[in-house]
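Here the structure is laid out as structure tokens; the discussion comes afterwards.
Please read these numbers as outputs of a predicted model, since none were measured by experiment.
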Amino acid sequence: ERILATQEYLNRRVLGKDLPGISMDNFGRMRWELVLCYLLAWIIVAASLIQGVKSSGKVVYFTALFPNVVLVILLVRGLTLNGFKKGIDFYLLQPDLSKLQNS
């Protein structure tokens with residue numbers, strides 16, 4: 001059976017299902033990196049709610065613009081790598097659409 005890399009990451013790294021003794025009754029140890037990310041997200045939400053409507057506009061600007069800035073940075077980084085023309089040619093200019101039927 002073929003396992004996708006995303007499934008393997010979720011099961012092993014995030015959920016820890018590869019550890020001995022892990023089951024639906026025993027969730028295992030706490031994943032501190034997930035707890036800290038969850039806590040940070042709630043702190044950001046709480047801080048924006050405490051400030052009220054005045055600061056919610058700033059939060060909206062940040063959440064709308066920041067992902068686009070990251071995408072532009074990744075695009076520039078990708079265009080500076082060796083062989084980027086092969087990747088653009090492979091994925092955009094000459095795609096193999098017959099592989100879509102197999103998925």
Side-chain angles (χ1 to χ4, degrees):
E1 177 184 345
R2 185 173 176 214
I3 298 175
L4 296 174
T6 53
Q7 285 178 314
E8 185 175 1
Y9 178 80
L10 175 70
N11 289 331
R12 290 187 177 192
R13 180 75 177 129
V14 177
L15 299 178
K17 286 186 177 179
D18 64 335
L19 300 174
I22 301 297
S23 66
M24 290 303 289
D25 297 328
N26 180 15
F27 294 120
R29 63 179 177 82
M30 197 176 302
R31 305 280 178 164
W32 288 106
E33 60 271 9
L34 295 178
V35 171
L36 292 175
C37 287
Y38 188 66
L39 181 66
L40 177 66
W42 274 110
I43 288 173
I44 292 171
V45 169
S48 64
L49 288 176
I50 289 171
Q51 295 295 323
V53 178
K54 292 179 184 177
S55 70
S56 66
K58 296 175 186 174
V59 172
V60 169
Y61 277 124
F62 177 77
T63 57
L65 295 177
F66 182 71
N68 295 316
V69 171
V70 171
L71 285 175
V72 168
I73 291 170
L74 290 174
L75 175 68
V76 170
R77 171 69 177 128
L79 292 177
T80 59
L81 294 174
N82 292 332
F84 78 93
K85 292 178 186 176
K86 290 180 187 177
I88 290 175
D89 191 41
F90 181 77
Y91 285 109
L92 296 178
L93 301 178
Q94 298 174 355
D96 187 9
L97 298 178
S98 65
K99 290 188 178 183
L100 290 174
Q101 294 174 350
N102 297 335
S103 61

For residues 38-48, which residue pairs pass the salt bridge (Lys or Arg N to Asp or Glu O under 4.0 Å) check, not counting sequence neighbours?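 Found none.
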Mind jotting down which residue pairs meet the salt bridge (Lys or Arg N to Asp or Glu O under 4.0 Å) criterion with at least one end in residues 32-44? Sequence neighbours excluded, please.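 Residue pairs with at least one partner in residues 32-44: Arg13-Glu33.
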What pairs of donor and acceptor atoms, side-chain ones from residues 60-76 against any protein atom, are under 3.5 angstrom apart with sequence neighbours left out?
from: Thr63; atom 1: OG1; to: Val59; atom 2: O; distance (Å): 3.0
from: Thr63; atom 1: OG1; to: Val60; atom 2: O; distance (Å): 3.2
from: Asn68; atom 1: ND2; to: Ala64; atom 2: O; distance (Å): 2.9

Would you say Tyr38 ends up clustered with Val45 if hydrophobic residues are merged whenever their side chains have heavy atoms under 4.5 Å apart, either directly or through other cluster members?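 Same cluster: Val45 reaches Tyr38 through Ile, Leu, Val, Met, Phe, Trp or Tyr contacts under 4.5 Å.
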Do you reckon Leu81 sits in the same ILVMFWY cluster as Phe90, going by side-chain contacts under 4.5 Å, direct or chained?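 Looking at the clustering, Phe90 is in a separate group from Leu81.
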Looking only at atom types and distance, does a side-chain atom of Asp89 sit under 3.5 Å from a main-chain N or O of Lys85, one as donor and one as acceptor?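 A pair under 3.5 Å: no.
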Working to the nearest 0.5 Å, report the span between CG of Leu39 and CD1 of Ile44.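 Answer rounded to 0.5 Å: 10.0 Å.
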Return the CD1 to CD1 distance between Ile43 and Ile50, rounded to the nearest 0.5 Å.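 It is 10.5 Å, given to the nearest 0.5 Å.
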